[in-house]
Amino acid sequence: MARRFTGSFTQQEPLPADAIAAAVAVLQSGRLHRYNLVSGEPGEVAQLEAEYRDWQGSAYCLAVTSGGQALQIALRACGVRPGDGVLTNAFTLAPVPGAISAVGGNAVLVEIDETLRLDLDALEARIASSGARVLLLSHMRGHLCDMDRLMRLCDGAGVTVIEDCAHTMGARWNKTRSGNFGKVACFSTQTYKHMNSGEGGFLTTDDAAIAAQATILSGSYMMYARHGAGPAPEAFVDARYDMPNCSARMDALRAAILRPQLAQLDGNVERWNLRYRAVEAGLKTHSRITTIPLPKEELHVGSSIQFRLPGFSADQCRALMDAAKARGVELKWFGAAEPVGFTSAHPSWRYVATQDLPQTDRILATLFDMRLPLSFSEADCTLIADLIRDAVDEVAP
Ligand SMILES: *Cc1c(COP(=O)(O)O)cnc(C)c1O
């Protein structure tokens, strides 16, 4: 075989030198717990919360152990109780239905359309048929719905929107940051997302009562006055008694390595998009490959790329995975019958009631997905697109 890519699709960049220095300082202090502060010391976690709040443009921010914990806390703070239906995307990743199940909710899966976004007509119908009053909206792979229409629809129907921004940290719809549309937004700082603390996450909101409930849920041991971007003490009058401690606090070490990364985030969005455009341009020249449209209202963050091969059979899709792999290109295929790696489709979520989603299933059957870590150069991305085209030609000459 002529050409092969030799980079790793799971290799992130090293952490910035100032993040490493900040981590060493925390380790030397021995004070890793967010509330273990000496007098007058704000602490890394509180400072990070204030900085993330300012960057996001929300009123409040809470740092937590993971994006999945942020989702669970958000669902509880929005009043989801065991047995309640929670609307969500039929195409998303396992932490989303997982969070709904963890709080005892029943996921009501909503069809996606060919752009991988929630089908808003299907959403309207499911709101009416299910009676569910919370939508956990997954901005899956960075593709934002028409947020103006979505919010009109949900506000009109009395549906509370929780935004899962695991893939849209830094993205915007009509200039408004993703996460500032719904009641609460959840972010992940897990290694494969847009900032890297191994594990970690944020919850942001403009609602003081929800911020207070979320803080107590995160396990604040009544130390909420030590938070950096929380509501005033009055907001905790009931929450401090009503909410259980679910121990999901962020620690000082992770906060210390995230603060310097936040300063680089907007620049990194640009770097991801250069890589995205390089792959997209290459894929667009192939007649069989369908790329995913990015609406002009959307400022996308291209940390991964998706494409479809309409008309490909399951055998051809499997063959494409192999042909790409032989060229060093690691694709994920959402049509696989078995969950592999980070990829699973709704039929694999046995803890969720089986639901009939023919439109989503048809789209997932020929949907491919690929990570674009910043460790790749633009030239790498151009090569990868060439190799995918070659692989498609090998499978379907
Ligand atoms: C990664 C991810 C999450 C949650 O993140 P963790 O920090 O791994 O818990 C939530 N939603 C989606 C779509 C994700 O990909």
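We're numbering straight along the sequence, starting at 1. All ligand and atom numbering here is 1-based and tracks the order in the structure.
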- prompt: With the threshold set at 4.0 Å, does a side-chain nitrogen-carboxylate oxygen contact exist between Arg308 and Asp369?
  reply: no

- request: Indicate yes or no: does Arg271 engage Glu378 in a salt bridge with an N to O separation below 4.0 Å.
  value: no

statement: heavy-atom search around atom 11 (N) of ligand 1 in the protein gives Asp164 OD2, 2.7 Å

task: For atom 5 (O) of ligand 1, grab the closest protein heavy atom and report residue, atom and distance to one decimal in Å.
output: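 Checked against all protein heavy atoms, atom 5 (O) of ligand 1 sits closest to Ser188 OG, 3.4 Å.
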
Check the angle between the aromatic planes of [X] and [Y] and answer parallel, tilted or perpendicular using the 30° and 60° thresholds.
X      : Y      : answer
Phe368 : Trp333 : parallel
Phe236 : Tyr224 : parallel
His33  : Tyr35  : tilted
Phe187 : Tyr52  : perpendicular

Going by the atom numbers of ligand 1, which of them fall below 4.0 Å from some non-hydrogen atom of [X]?
X      : value
Ala166 : 2 (C), 3 (C), 10 (C), 11 (N), 12 (C), 14 (C)
Thr92  : 13 (C)
Leu93  : 15 (O)
Ser66  : 7 (O), 9 (O)
Pro95  : 2 (C), 3 (C), 4 (C), 10 (C)
Val96  : 11 (N)

What about [X]: any of its N or O atoms under 3.5 Å from an N or O on ligand 1?
X      : value
Gln190 : yes
Lys193 : yes
Glu199 : no
Gly67  : yes
His167 : yes
Gly68  : yes

query: Just wondering, do Arg3 and Asp386 contact through their side chains at under 4.5 Å, heavy atoms?
result: yes

- prompt: Does Val86 reach the side chain of Asn106, with side-chain heavy atoms less than 4.5 Å apart?
  reply: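 A side-chain contact is absent here, since even the closest heavy-atom pair is not under 4.5 Å.
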
statement: From the list His194, His167, Lys193, side-chain hydrogen bond (donor to acceptor under 3.5 Å, both in side chains) partner of Ser303 resolves to His194

